[in-house]
Amino acid sequence: MAAIKIINGYPFTAFKQEKILVEESHVKSKNFLESMLKRRSVRYFSNKPVSKDIIQNILVVANSAPSGANKQPWIFCAIQNSGLKKQIRVAAEKEEYESYHGRMPEEWLKDLAPLQTDWKKPFLEIAPWLIVVFKKSYDINEEGKKSTNYYVQESAGIATGFLIAAIHAAGLCTLTHTPSPMNFLSKLLNRPPNEKPFLLLPVGYAAGDCVVPVLKKKTLEDVSVYY
Ligand code: IYR
């Protein structure tokens, strides 16, 4: 066990950064870049099963994300049960139908046209797993008292980014799906009031005949400034 050093009453331990050569750094950053550029949001899934231990590995990565005061203000619900997936699909489609038929303004619908999305969400039943990320505005401690969480939105967003990268690294696909409003997820998954749905991610393999839209990303020049 690494030595513990006490600073103002709190335990610290030496952090020895894994040493890699500068050349190796170039290669590793390039390899990671090339892998991440192959990621696409997928709406057509295969029903091929994915084992629970892969999902667990992915969730361990997400749970390692940095968070405000290390509070980890998140809960990941991993759903495999087909009855529950069906209930989620039915409830999501009900909301999405309303969104696509009046709740979303013209400009929004126009912006979505290149993606050709609609209110139908069969992937919610077809994908072998759904992961619902809940953000926790506060925690309830052992004495039943509320304890505040900080930067909840940022923390949940970072954890979800880790989750998406881990899903991709496992050779799987996902979609950041945001049925709106999402409160039906709290009811169906029986979550307490301090947890609010953040994102719904179907996880699995892309269908053999999956298509994705041809999208143009902004260039690095468009999105970066050096000082
Ligand atoms: N929630 C809807 C609409 C939607 C909104 C955005 I912003 C997208 O990038 C994609 C879809 C849906 O999931 O279809």
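Indexing begins at 1, ligand by ligand and atom by atom, following the structure's order.
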In terms of relative ring orientation, are F76 and W74 parallel, tilted or perpendicular, with 30° and 60° separating the classes? tilted
Residues which pass side-chain hydrogen bond (donor to acceptor under 3.5 Å, both in side chains) with N194, listed by chain and number, not counting sequence neighbours: none
Test: ring pair (Phe, Tyr, Trp, His ring centres under 6.0 Å). Region: residues 174-221. Which pairs qualify, not counting sequence neighbours? F123-H177
Could you note down all residue pairs passing ring pair (Phe, Tyr, Trp, His ring centres under 6.0 Å) where residues 18-47 supplies at least one of them, sequence neighbours left out? none
Does OH in Y151 sit with more than 12 non-hydrogen atoms of other residues, nucleotides or ligands closer than 6.0 Å? no
May I have every N or O pair linking ligand 1 to the protein at under 3.5 Å, one per line with atom names and distance?
| from | atom 1 | to | atom 2 | distance (Å) |
| --- | --- | --- | --- | --- |
| ligand 1 | 1 (N) | E96 | OE2 | 3.1 |
| ligand 1 | 1 (N) | T178 | O | 3.0 |
| ligand 1 | 13 (O) | E96 | OE2 | 3.1 |
| ligand 1 | 13 (O) | K121 | NZ | 3.4 |
| ligand 1 | 13 (O) | H177 | ND1 | 3.1 |
| ligand 1 | 14 (O) | E96 | OE2 | 3.1 |
| ligand 1 | 14 (O) | Y100 | OH | 2.6 |
| ligand 1 | 14 (O) | K121 | NZ | 2.5 |

What distance separates I75 CD1 from L59 CG, expressed to the nearest 0.5 Å? 11.0 Å
